[in-house]
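Beneath this line is the structure, given in C-alpha cells, with notes to follow.
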Amino acid sequence: MPQFRTLDDLQLSAKRVLVRCDLNVPMKDGKVTDATRIERSAATLKEIAAKGGRVIILSHFGRPKGKRAAEFSLQPLVEPLAKALGKSVAFAEDCIGKPAEDVVATLKDGEVTLLENLRFHDAEEANDKAFAAALAKLGDIYVNDAFSCAHRAHASTEGLAHLLPAAAGRLMQEELDHLGAALEKPQRPVTALVGGAKVSTKLDLLGNLVTKVDRLVIGGGMANTFLFAQGIEVGKSLAERDLADTAREILAKAKAANCTIVLPVDAVVAGEFKAGAANKVVDVKAVPADQMILDVGPKSIAAINKHLDESKTLVWNGPLGAFETAPFDQGTVAVAKHAAALSKAKKLLSVAGGGDTVAALAHAGAEDDFSYISTAGGAFLEWLEGKELPGVTALKS
Ligand code: 3PG
Ligand code: MG
C-alpha cells in the first residue's frame, strides 16, 4: 500500500470534505451515456456522508478552456449522482466565491453538494495558488478520488493537496493497489498487450514496458510498423514507415531487457476498410500490395492466448485490430474472452485501462471477468509510461 492517508485515517464527522472526483463522463444531449465513473465514485462519497462528513464534490467536465459555457455545466450530473448515492445532491453555480460558499454554509452533516465545473476558471489548469486557496477555503479536509485526473497538475488535483489535510479516496486507493499489483510487484511472468493505431502515440509506453514485463504483445496498426521495420511488406496497411528506426530501437531495448516481443504471424486483410468488407487470412509475410491488415489472424490469436496461459499477470491497453468495424473485431474479442476466462478461473491477474480498451473489452463481453478495469484513460497511459502522476505524488508529501 502506498504511503498516504486514506479515509481510515480521517475524523470526518461534521467536517467539510472537498472530494475531487472525475465526473468527466460521456454525455449526449445533456444525458449521461455511461455512468461508470459516477458509480465508481459513489463508494467514497457514501462513506464520507455515512461518517457524518459534509461532502463537497469538485470535478471538471470537458475542456471549456477557462470559459463558462452551458454545454460544459456539471448541472446535468446532479440527478445521476443523486441516484448513485441514494440521496439528494445540492448544486452551486460556481466552484469558488459566494455561490459556492453559500451552498457549503447550508450543508449539514451527511449532506452532499456538487460544485460547478472547475475548468470554467483557467486558474484551475494553471494550478494557480489563489484559486487553490479559494477552493481550500470551502473545506476542512481534501480527498482525492480522481486517479483518472492524476496526470494533471491542476489546482484541484495537485495544489489543493498542499493546503488541507489530504487523503486518497477509495477509488484512488483501489486503482493504485491494482495497478501496483500489475506492474510494480507483479507475479511473473507478466505480459503486456498493447494495441492501437499508432506507435507514435505510445513510444514512451513501449519503451517503459519492455523494461518491466516479460512478454510484450503488440497488435493493432502499430504492429504493422514493427513488421515493416523488420523488412516485411505490409501493403496498404496503416503503418508509420518513418518510425522504422524507432521500432527497431524498441526491439533492441526489449532484447537487452530480456523481454519477448510478440508480433502477429498472420493477419486478416481486406482491400478496403469498411464493415463487412471481403477479407481473407494471410501470413504476415504474404500481405498483397493492394490489401491492408485490419486484424490479427487465427494463428496469432492462438499464440497470444498461449502466452496468456503461461502468464500470471496481464496489463492490457489498446485493441488488436479495427474492433469497431466487424468482422475485424474477432482477434480482440477472442483474446479478451480468453483473458477473461483465465481471470475468472483465478489463473491470471488482468488489469486493463484506456478509453478504447474498455470499449473493446465491453464489446467482447469480457469486462466483468477482468480482474480490474481502470477508470483512467490518459492517466493510465502515463502510468504505463512510468511517469510520475502529480495527483498521486501530492498525496504522498
Ligand atoms: C479523462 O477523461 O481522461 C480525465 O477526465 C482527464 O481529462 P482531460 O484529458 O481533459 O484532462
Ligand atoms: Mg483525456
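Numbering of ligands and ligand atoms starts at 1, following listing order. Note that this is a predicted model, so its numbers are computed, not measured.
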Candidates Thr211, Leu251, Asp214, Val213 - the one meeting side-chain contact (heavy atoms from CB on, under 4.5 Å) with Cys259: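 So, applying the side-chain contact (heavy atoms from CB on, under 4.5 Å) to Cys259 and each of Thr211, Leu251, Asp214, Val213, only Val213 qualifies.
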Glu125 touching ligand 1 at heavy-atom level, < 4.0 angstrom: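 So Glu125 does not count as touching ligand 1.
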Check against side chain to side chain contact (heavy atoms under 4.5 Å, CB included), Asp309 and His338: CA-CA 9 Å; Asp309 289 338; His338 191 69; 2.8 Å; yes
Numbered atoms and elements of ligand 1 in range of [X], under 4.0 angstrom, heavy atoms:
{"X": "Arg152", "answer": "8 (P), 9 (O), 11 (O)"}
{"X": "Arg63", "answer": "8 (P), 9 (O), 10 (O)"}
{"X": "Asp22", "answer": "4 (C), 5 (O)"}
{"X": "Arg119", "answer": "8 (P), 10 (O), 11 (O)"}
{"X": "Asn24", "answer": "1 (C), 2 (O), 4 (C), 5 (O), 7 (O)"}

Enclosure of Glu324 CD (heavy-atom neighbours >12, cutoff 6.0 Å):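 It does: Glu324 CD has more than 12 such atoms within range.
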Close N or O approach (His151, ligand 1; < 3.5 Å):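 Not met; the criterion fails.
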Row check, Phe228 ring normal vs Arg241 NZ/CZ: under 6.0 Å, within 45°: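 Verdict for Phe228: a cation-pi partner in Arg241.
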Pairs where residues 128-143 contributes a residue and the test side chain to side chain donor-acceptor pair (under 3.5 Å) is met, not counting sequence neighbours: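 Qualifying pairs: Arg16-Asp140, Glu101-Lys137, Tyr142-Asn144.
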Side chain, backbone, both or neither: His154 near ligand 1, heavy atoms under 4.0 Å: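 Neither part.
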Sidechain N-carboxylate O distance under 4.0 Å for Arg54, Asp109: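 Yes.
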